[in-house]
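Read the structure below first, then the notes.
Along the sequence shown, the residues carry numbers beginning at 1. If you're wondering where the values come from, they're calculated on a predicted model, not measured in any experiment.
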Amino acid sequence: MNTTIRIKLSVMMFLEFFIWGSWFVTLGTFLASNLHASGSETASIFSTQSWGAIIAPFVIGLIADRYFNAEKILGILHIIGAFLMYQMYVSDDVGVFYSYVLGYMILYMPTLALVNSVSFNQMKDPEKEFANIRVWGTIGWILAGLSISFLFHWDSAEGVTQGLLKNTFLLAGIAALILGLFSFSLPKTPPKVAATEKIKIGDIIGLDALKLLKDKNFAIFFISSILICIPLAFYYQNAHPFLTEAGVENPTGKMAIGQISEALFLLLIPVFFTRFGFKKTILVGMLAWAIRYVLFAYGNGSDLSLMLIIGIALHGICYDFFFVSGQIYTNSKAGEKYKSAAQGLITLATYGVGMLIGFAVAGWITDNYKTIDGAIDWKMVWIIPAGIAFGVFLLFALLFNDKTKTVEEIPAV
């Protein structure tokens, strides 16, 4: 891969995640302060991510892999996405806003696979080269958060009161338009499947990998993956509104600590796999979810603000030690025949089904745990997912007993 292509792929990855980080982190606070959304309405809007994840494989499998170059579809989806972002920017009704977010997420979620396809198509050794490209996505997400807090100050107490968080959609829309136009200059990535070749729906959503559920340990892992997404949804949906209400300054910028942590702990996964194995590594990730939410439940934005910062910083352990470890485990159990199907099935189960349930539960809990004056009882909102995470931890610790080594499947980072 020459330098020009490497730079183009890095810019593509940077913009892809800069867009997402520009609006998704602050969405919960925006909905509460600008649109006065209830917990259930907020949950419905966040669940569009799950619907997008469920529909994305069909967009990729039925269209992108068969008829058009990946970079061209990427460009078209982001240009349309820029238009929808502008509509979200000018919307002042929750119902109308929901329709635009749903449309946007159906278009955006497939682009996550498309940027990977464009990247992999240019690599001779993806396991060694991809991490150096993908890291620019994390940098893009981090810089989006830092810009909102420290450059524009849209998430300051005054900014939130003045409704300035709506500007995040304008920022994301501009970045989406830039990436949409830029995508047409990316290396050509032709369709993988002939347009005349028959394709099964089961292949698209990974139904062939259901055979793996005959293995008791994989079935336990599969169920645990769905269940752990319930507490994960609480973080995405409630963390920013909670930090804002707690009086934490520059909450969006400080939440970027989670992405920095994610990048750092990714490097430690091979060490943990080698020394402790898959089960202990993933258990550490599960336990970290419970600890994080306990810190949120008992911390505050003043004298105990360090507890909140530590909770944010635990994101690297929470995400990497469970989800990345899980991807590696799935890869090792599936074998060559079912690798793609298995990863597709896990993605559908977690980001689709698991997160869909999680957002609904988080919205219900938020609506039903309020004080007499209508304020949210944040202590209970965090204690409940902490309990769920600990329950999944116990389930996995007691029932999972796979001695298979998966160290050889760890990708280079």
Side-chain angles (χ1 to χ4, degrees), residues 13 15-28 30-31 37 40-65 68 70 73-89 91 94-118 137 140-141 144 168-169 172-173 175-176 179-180 183 201 204-206 225-226 229-230 232-237 319 323 327 343-363:
M13 209 57 88
L15 290 171
E16 175 75 12
F17 287 90
F18 181 90
I19 293 166
W20 203 357
S22 292
W23 70 280
F24 198 71
V25 176
T26 59
L27 179 61
F30 166 81
L31 292 171
S40 60
E41 288 172 333
T42 299
S44 295
I45 291 171
F46 269 93
S47 69
T48 59
Q49 174 189 271
S50 299
W51 290 118
I54 291 170
I55 295 172
F58 295 93
V59 175
I60 299 300
L62 296 177
I63 302 175
D65 283 349
F68 305 101
I73 298 179
L74 181 67
I76 292 170
L77 292 181
H78 274 301
I79 290 173
I80 299 173
F83 169 76
L84 291 175
M85 270 292 163
Y86 179 76
Q87 295 303 316
M88 290 154 66
Y89 167 69
S91 294
V94 174
V96 174
F97 184 84
Y98 170 82
S99 64
Y100 289 130
V101 180
L102 177 61
Y104 180 81
M105 280 310 226
I106 290 173
L107 296 179
Y108 179 81
M109 296 306 286
T111 68
L112 296 173
L114 289 171
V115 294
N116 289 344
S117 295
V118 173
W141 185 294
T168 59
F169 304 108
L179 179 53
S183 294
I201 299 300
I204 293 175
I205 60 177
S225 297
I226 294 175
C229 283
I230 297 175
L232 170 62
F234 275 78
Y235 181 74
Y236 286 150
Q237 188 166 310
Y319 186 86
F323 286 96
Q327 290 167 0
Q343 294 293 350
L345 182 64
I346 287 295
T347 299
L348 184 67
T350 53
Y351 285 96
V353 177
M355 293 286 280
L356 199 61
I357 296 170
F359 286 131
V361 172

- Give a yes or no answer on whether the side chain of Y108 reaches the backbone of E16 with a donor-acceptor pair at less than 3.5 Å.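 Such a contact is found between Y108 side chain and E16 backbone.
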- Query: Quick one: does T111's side chain have a donor or acceptor within less than 3.5 Å of a partner on L107's backbone?
  - Reply: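 Absent.
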side-chain contact (heavy atoms from CB on, under 4.5 Å) against [X], all qualifying residues, sequence neighbours excluded:
X: S22; value: F18, A144, L171, A172
X: Q327; value: Q343
X: A82; value: A176, L177
X: I106; value: I55, L102

Separation between [atom1] of [X] and [atom2] of [Y], rounded to the nearest 0.5 Å:
X: M105; Y: W20; atom1: CE; atom2: CH2; result: 6.0 Å
X: L114; Y: L74; atom1: CG; atom2: CG; result: 5.5 Å
X: L31; Y: E41; atom1: CG; atom2: CD; result: 9.0 Å
X: W23; Y: M88; atom1: CH2; atom2: CE; result: 4.5 Å
X: L356; Y: I230; atom1: CG; atom2: CD1; result: 11.0 Å

- Message: Once side chain to side chain donor-acceptor pair (under 3.5 Å) is applied, do any residues pair with W141, and if so which ones, sequence neighbours excluded?
- Response: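 Testing W141 for side chain to side chain donor-acceptor pair (under 3.5 Å), a comparison that skips the adjacent residues, returns Q259.
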- Partner residues of Y319 under the side chain to side chain donor-acceptor pair (under 3.5 Å) criterion, sequence neighbours left out: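 Checked Y319 against side chain to side chain donor-acceptor pair (under 3.5 Å); matches are Y351.
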Taking C-beta and beyond as the side chain, do [X] and [Y] meet within less than 4.5 Å on heavy atoms?
X: L15; Y: H78; answer: no
X: I76; Y: F68; answer: no
X: V94; Y: I45; answer: yes
X: C229; Y: F323; answer: yes

Can you see which heavy atom on [X] is nearest to which on [Y], and at what distance?
X: V118; Y: A70; result: CG2-CB, 4.0 Å
X: I54; Y: G352; result: CG1-CA, 3.7 Å
X: V96; Y: S99; result: O-OG, 2.6 Å
X: G180; Y: I79; result: CA-CG1, 3.8 Å
X: Q49; Y: M109; result: O-CG, 3.9 Å
X: I226; Y: A349; result: CG1-O, 3.7 Å

Mind checking ring-ring contact (aromatic ring centres under 6.0 Å, His included) for [X] and listing every partner two or more places apart, or none if nothing turns up?
X: F46; value: F24, F359
X: F97; value: F30, F169
X: F234; value: none

- Query: Could you walk me through whether M13 and N116 pass the side-chain contact (heavy atoms from CB on, under 4.5 Å) check?
  - Reply: CA-CA 9 Å; M13 209 57 88; N116 289 344; 4.0 Å; yes
